[in-house]
Undergrad: 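One structure coming up, written as structure tokens, with questions to follow.
Letters A, B, ... mirror the listed sequences (proteins, then strands); counts begin at 1. Note that the structure is a prediction, hence the values are computed from the model and not measured.
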Number of protein chains: 2
Amino acid sequence: MSADQTSQLLSNWKNSLHQHGYRVTRPRLQVMEIVAATRIPLTPQDVYHKSLNLESPPGIASVYRTLEMLDVLGLIQQIHQPGGCHGIWPAVDGHKHLLMCRNCGQMQVIEGNEEITEYIRRIEEDTGYEVDEHWLQLFGICSECSK
Amino acid sequence: MSADQTSQLLSNWKNSLHQHGYRVTRPRLQVMEIVAATRIPLTPQDVYHKSLNLESPPGIASVYRTLEMLDVLGLIQQIHQPGGCHGIWPAVDGHKHLLMCRNCGQMQVIEGNEEITEYIRRIEEDTGYEVDEHWLQLFGICSECSK
DNA sequence: TCCTTATTGATAATGATTATCATTATCAAT
DNA sequence: ATTGATAATGATAATCATTATCAATAAGGA
Ligand SMILES: [Mn+2]
Ligand SMILES: [Mn+2]
Ligand SMILES: [Zn+2]
Ligand SMILES: [Zn+2]
């Protein structure tokens, strides 16, 4: 996430708060800045501990409340991690798949493809299920970490 | 999971304990019977509460310890559920994909396909990652629940 | 600037998981 | 079958994360 992208995200998020009648407060901004800038998924505890570096950190309750709010607004999504759940990650537009480095935690968003859609359609026929959501998460080692 | 499959699973699990030098105790058997027989993912708390119906239930600590042991032995796997993590489910042989009913929690194991393998190989080329694991989980409504 | 009230933060309450340790029970060796 | 070393248990305490409470504060429209 570049600095540009982060501030872009932040201003979108602030707009979303305004549009939904949420007040834009300092504790909320502090949490949003941390989450918008992260390159790896963060737990609520992670966010709280990062915030402690700030001059006047938010209370732990406000961290949870702000993350809950961001989730309700669809601005963040939960990432299910191997051996530990959940991390927080800025939501991506539309449906995307995720790739995560086991070593450094770095997340990468990858595009879906037509074969998977077709595969799922076949599953629906075979099982009689109506599939309305799918997760595809890939795990491995990024090129940086495998050097 | 039919009664046959359940007892098959159980005897495999007991063999595994023996082979790895774990003692086969009553609390462990009680937990294993519950987990082997379930049709939906169970949390440790779920397992514990089910066990309370038994004449002489295991202590809560033994429930956690047994589930940890089964996990270490690769006999169960963690299922990541939407809006709630984790459930416990008997491990399936090799790599399989999972389909879960949002309404009744029923799990179904589905086969992977060649297109997904090819898709992942393409991702590796594009990103430089070495992908060593992937999760594909589908969510929807089973035919029973959509009646 | 004022006023309404949404929001905050300190703290208590709750709930789940893990650690402790004296007692018990498994199972290999006899 | 009995014994003995020790793995395992269970009651309970400790820890840790999350949620609830409520008086004080501050956002933002009037
Ligand atoms: Mn997809
Ligand atoms: Mn999860
Ligand atoms: Zn990496
Ligand atoms: Zn169903």
Undergrad: In whole angstrom, what separates L54(B)'s CG from dG10(D)'s C1'?
TA: 16 Å

Undergrad: Expressed as a whole number of angstroms, how long is the span from H49(B):NE2 to dA16(C):P?
TA: 7 Å

Undergrad: Looking at the side chain of Y22(B), which of dG10(D), dA8(D), dT7(C) is the nearest nucleotide?
TA: dA8(D)

Undergrad: Which pairs count as side chain to side chain donor-acceptor pair (under 3.5 Å) when at least one residue sits in residues 116-125 of chain A, sequence neighbours excluded?
TA: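 Non-adjacent pairs meeting side chain to side chain donor-acceptor pair (under 3.5 Å): E118(A)-R121(A), Y119(A)-H97(B).
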
Undergrad: With a 4.0 Å cut-off on heavy atoms, is R28(A) in touch with a base, just the backbone sugar-phosphate, or nothing at all?
TA: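 Sugar-phosphate only.
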
Undergrad: For the base of dG29(D), is there a side-chain donor-acceptor partner from R23(A) under 3.5 Å away?
TA: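 For R23(A), whose side chain was compared with the base of dG29(D), there is no donor-acceptor pair (under 3.5 Å).
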
Undergrad: Ignoring the backbone of T25(A), work out which of dT7(C), dG28(D), dG9(C) is nearest its side chain.
TA: dT7(C)

Undergrad: Grab the CD1-C1' distance between I60(B) and dT15(D) for me, whole Å please.
TA: 16 Å

Undergrad: Take G21(A) and H18(B), find for each the nucleotide of DNA chain C with the closest heavy atom, and name the residue whose nucleotide sits nearer the 5' end.
TA: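 Per heavy-atom nearest nucleotide, the more 5' residue is G21(A).
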
Undergrad: Need the pair for dT30(C). Rule: Watson-Crick or G-U wobble, both distances under 3.5 Å, any strand; none if unpaired.
TA: dA1(D)

Undergrad: Looking only at the side chain of A61(A) (C-beta and beyond, no hydrogens), which of the listed nucleotides dG9(C), dA6(C), dT26(C) gets closest?
TA: dG9(C)

Undergrad: Taking only N and O in the side chain of S62(B), is any of them less than 4.0 Å away from OP1 or OP2 of dG10(D)?
TA: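 Answer yes for this pair, as a side-chain N or O of S62(B) is under 4.0 Å from OP1 or OP2.
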
Undergrad: Check whether any side-chain heavy atom of W13(A) lies under 4.5 Å from a side-chain heavy atom of I76(A), and answer yes or no.
TA: yes

Undergrad: For M69(B) and dA8(D), what is the distance between atoms CE and P respectively, to the nearest whole Å?
TA: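 Nearest whole value for this atom pair: 9 Å.
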
Undergrad: Output the distance between atom OG (S51(B)) and atom OH (Y48(B)), rounded to the nearest 0.5 Å.
TA: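 With rounding to 0.5 Å, OG (S51(B)) is 6.5 Å from OH (Y48(B)).
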
Undergrad: If you count heavy atoms of other groups shown closer than 6.0 angstrom to CD of Q45(B), is the number above 12?
TA: yes

Undergrad: Both distances under 3.5 Å, Watson-Crick or G-U wobble: report the partner of dT9(D), or none.
TA: dA22(C)

Undergrad: For S16(A) versus L73(A), what's the shortest heavy-atom pair and its separation?
TA: OG-CD1, 4.1 Å

Undergrad: For dA24(D), give the paired nucleotide (Watson-Crick: N1-N3 plus N6-O4 or O6-N4; G-U: N1-O2 and O6-N3; both under 3.5 Å), or none.
TA: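 Matched dA24(D) with dT7(C) under the 3.5 Å cut-off.
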
Undergrad: Take atom NZ of K14(B) and atom P of dC27(C), then tell me their distance rounded to the nearest Å.
TA: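 Computing the K14(B):NZ to dC27(C):P distance gives 11 Å.
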
Undergrad: Quick one: R65(B) CZ to dC21(C) C1', roughly how many Å, whole number?
TA: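 So the CZ-C1' distance, R65(B) to dC21(C), works out to 11 Å.
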
Undergrad: Between R26(A) and Q30(B), who's closer to the 5' end of DNA chain D by nearest nucleotide?
TA: Q30(B)

Undergrad: Taking atom P of dA27(D) as reference, at what distance in whole Å does atom CG of L29(A) sit?
TA: 10 Å

Undergrad: Just the rounded figure in Å: distance from C1' of dT9(D) to OH of Y48(B).
TA: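 Between C1' of dT9(D) and OH of Y48(B): 13 Å.
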
